[in-house]
Structures are given as structure tokens and as C-alpha cells.
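Down below is the structure, laid out as C-alpha cells.
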Amino acid sequence: MNSIVSIMGYHGTCSKFKESIENNGLDPDKVKYRENHWLGQGVYFFEDYSQAKWWANDTSGKSYNAGSFPLIYKSNIEAEGNKILNLDDNNEVDKFFSCILRYISEIESDLRGRYPIFTPENFRAVYFDYYKIQNNISVIIYTFPKDSVKYASLRNWKDLKIQRDLARALGIYYGEKQICVSKKECITSSVLVYNGEDEVI
């Protein structure tokens, strides 16, 4: 048996989902299905509290969440090491691509049969979900490189364009580590740590 790995993450959301979370916990099966989910279907966590807070504020401000306020849950995530895909590890990245390349024709032919317009970008979640099924993966971790982020220093549009160009030229990016959990049993505990008004950490 593989050793258990414990990870702490922050889930930013809005009060619209509070009742469901209180009744069902943070449940990957309750997440709305999207083909372009960054790391496949699941509940998403940030490693960084401030990034989760930005996300919670941003999503609460959307017109379709009108009247909501931001919430942040601090959760403990546990899984056996062999059930975690850490895409910050080059060896794991290599394993991921080896698997996808082995099955890519099967995956894409199935998708093209169901979707007349297919691009890997629009259906990125399918690749991750396929890998999860083939390799019994419950948790995926990846640090996304961003050339600009909304929670950094405020810049005018001209400076922002220069910054983005510099980021690409210099290979220097903001890091946004996210954790996607696709099995509810991996989320062993969750506590509300921010309710839109008072931080209770």
C-alpha cells in the first residue's frame, strides 16, 4: 500500500452554494460538468489563501451570482501517493503524455463523433478525466504559469501589455497552484474560514 499524502487547500466559492456544501460537503459529483475544466472534473482548491479569496470575490461578483457573498473553505485532502498526479513533477508529466499519446486516437475519435467542432483546448477536461480513469487518479496538482493576474499590483493597460511581453520573453510568470479533487472521500475535513465579512482563521 502506498503512503498517504496530506495536502491542505483553500476552496473559494460564493454563498449561493453554502447550503449544498453544508448538506453534502465539498462533493466532486455536485460540480457542474464542463469540457474545459482546467484539470478535469472535480472540486478545485488553491494552495494559496489569497488566491482563493480573489476567486471567491470574483465569482461572487458575477451577475449570475447576484446577491451572493464570498466564502472560503479550508480543507484537508488525503490520497495514496499513487493516486495523485503532480504535474509540477517532470516524471509525472512524462507519464501523463505517454498515456495520452497511447490513447489519443480513441479519445479524439469519440469526441469528434459527439462534437462536430473539436479542439483540445475546448475539451481539455476530457484528457485529464481519461487519465484519471485509466490510472485510478483521485487528485491532480498543477501550478499554472500566468503572465498577469487580477490579484497583483494594478497596472494600466499599456504597462500590462509590456509586462505580458516581458513575462513571455524572460520566462517569468506568476505561479497559481491548483489542486483538483475528483473523489469526495479524499476531502477528509473542511471548515469555513472566510464568510465575506470576517476572517475566522
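Just so you know, residue 1 is the first one in the sequence shown, and it goes up from there.
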Gap separating the [atom1] atom of [X] from the [atom2] atom of [Y], nearest 0.5 angstrom:
X      : Y      : atom1 : atom2 : answer
Cys186 : Ile179 : SG    : CD1   : 12.0 Å
Leu39  : Gln178 : CG    : CD    : 6.5 Å
Ser153 : Leu160 : OG    : CG    : 11.0 Å
Asn86  : Ile140 : CG    : CD1   : 10.5 Å
Ser190 : Glu22  : OG    : CD    : 12.0 Å
Lys95  : Leu87  : NZ    : CG    : 10.5 Å

Within the distance-only criterion (no hydrogens, no angle test), does the side chain of [X] pair as donor or acceptor with the backbone N or O of [Y] below 3.5 angstrom?
X      : Y      : result
Asp159 : Arg155 : no
Asn135 : Ile137 : no
Ser60  : Ala56  : yes
Asp129 : Gln41  : yes
Lys184 : Asn24  : yes

Which residues share a side chain to side chain contact (heavy atoms under 4.5 Å, CB included) with [X], sequence neighbours left out:
X      : value
Glu47  : Lys177
Asn136 : Lys83, Lys183
Ser68  : Cys14, Ser15, Lys16, Asn65
Asp165 : Lys161, Arg168

Suppose we screen for ring-ring contact (aromatic ring centres under 6.0 Å, His included). Which residues come up paired with [X], at least two apart in sequence or across chains?
X      : value
Tyr174 : none
Phe96  : Phe128, Tyr131
Tyr173 : none
Tyr142 : Phe144

Where [X] and [Y] come nearest, the two heavy atoms and their spacing:
X      : Y      : result
Ser6   : Glu78  : OG-OE2, 3.3 Å
Pro28  : Leu26  : CD-O, 3.6 Å
Val149 : Glu176 : CG1-OE1, 4.1 Å
Ala52  : Phe46  : CA-CD1, 3.6 Å

Which residues end up grouped with Ile172 if you chain together Ile, Leu, Val, Met, Phe, Trp and Tyr wherever their side-chain heavy atoms are less than 4.5 Å apart?
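Besides Ile172, the hydrophobic cluster comprises Ile162, Leu166, Leu170, listed by chain and residue number.
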
In the hydrophobic clustering that connects Ile, Leu, Val, Met, Phe, Trp and Tyr at side-chain heavy-atom distances below 4.5 Å, which members other than Ile133 occupy its cluster, ordered by chain and number?
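Its cluster partners, ordered by chain and number, are none at all.
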
Measure the acute angle between the ring planes of Tyr49 and Tyr194, then classify it against the limits of 30° and 60° as parallel, tilted or perpendicular.
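Correct class here is perpendicular.
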
Taking the inter-plane angle between the rings of Tyr44 and Trp38 on a 0 to 90° scale, is it parallel (under 30°), tilted (30 to 60°) or perpendicular (over 60°)?
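Tyr44 and Trp38: perpendicular rings.
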
Taking the side chain as every heavy atom from C-beta outward, state whether Ile84 and Ile141 have any pair of such atoms under 4.5 Å apart.
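Ile84 reaches Ile141 side chain to side chain.
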
Please examine the side chains of Lys74 and Met8, heavy atoms only from C-beta on, and report whether any two atoms are closer than 4.5 Å.
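Side-chain contact under 4.5 Å: yes.
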
Who passes side chain to side chain donor-acceptor pair (under 3.5 Å) against Asp88, sequence neighbours left out?
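Side chain to side chain donor-acceptor pair (under 3.5 Å) list for Asp88, sorted by chain: Thr143.
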
Pair Ile72, Thr13 - check side-chain contact (heavy atoms from CB on, under 4.5 Å), show working.
CA-CA 6 Å; Ile72 302 173; Thr13 186; over 6 Å; no

Please assess Gln51 against Tyr10 for the test side-chain hydrogen bond (donor to acceptor under 3.5 Å, both in side chains), listing each intermediate value before the final yes or no.
CA-CA 9 Å; Gln51 291 173 355; Tyr10 296 98; over 6 Å; no

Within the supplied structure, the quantity of interest is the number of heavy atoms (other residues, nucleotides, ligands) at a distance under 6.0 Å from Glu19 CD; does it exceed 12?
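It does not: Glu19 CD has 12 such atoms or fewer within range.
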
Checking Thr188 against Asn76: is there a side-chain donor and acceptor pair closer than 3.5 Å?
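Thr188 and Asn76 do have a side-chain donor-acceptor pair below 3.5 Å.
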
Show your reasoning for whether side-chain contact (heavy atoms from CB on, under 4.5 Å) applies to Ile77 and Val5.
CA-CA 8 Å; Ile77 301 154; Val5 176; over 6 Å; no

Would Leu71 and Lys18 count as a side-chain contact (heavy atoms from CB on, under 4.5 Å) if you check the C-alpha gap in whole Å, the side-chain angles of each, and the deciding distance to 0.1 Å?
CA-CA 8 Å; Leu71 301 174; Lys18 187 178 183 188; 3.7 Å; yes

Honestly curious: do Phe69 and Tyr64 fall in one hydrophobic cluster under the side-chain, below-4.5 Å linking rule?
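No; Tyr64 is not reachable from Phe69 via cluster members.
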
Decide yes or no on side-chain contact (heavy atoms from CB on, under 4.5 Å) for Ser148 and Gln163, but give the supporting numbers first.
CA-CA 8 Å; Ser148 63; Gln163 175 182 316; 4.1 Å; yes

Which donor-acceptor pairs under 3.5 Å do the side chains of residues 97-104 make with protein atoms, sequence neighbours left out?
residue, atom, partner, partner atom, Å
Ser98, OG, Asp94, O, 2.9

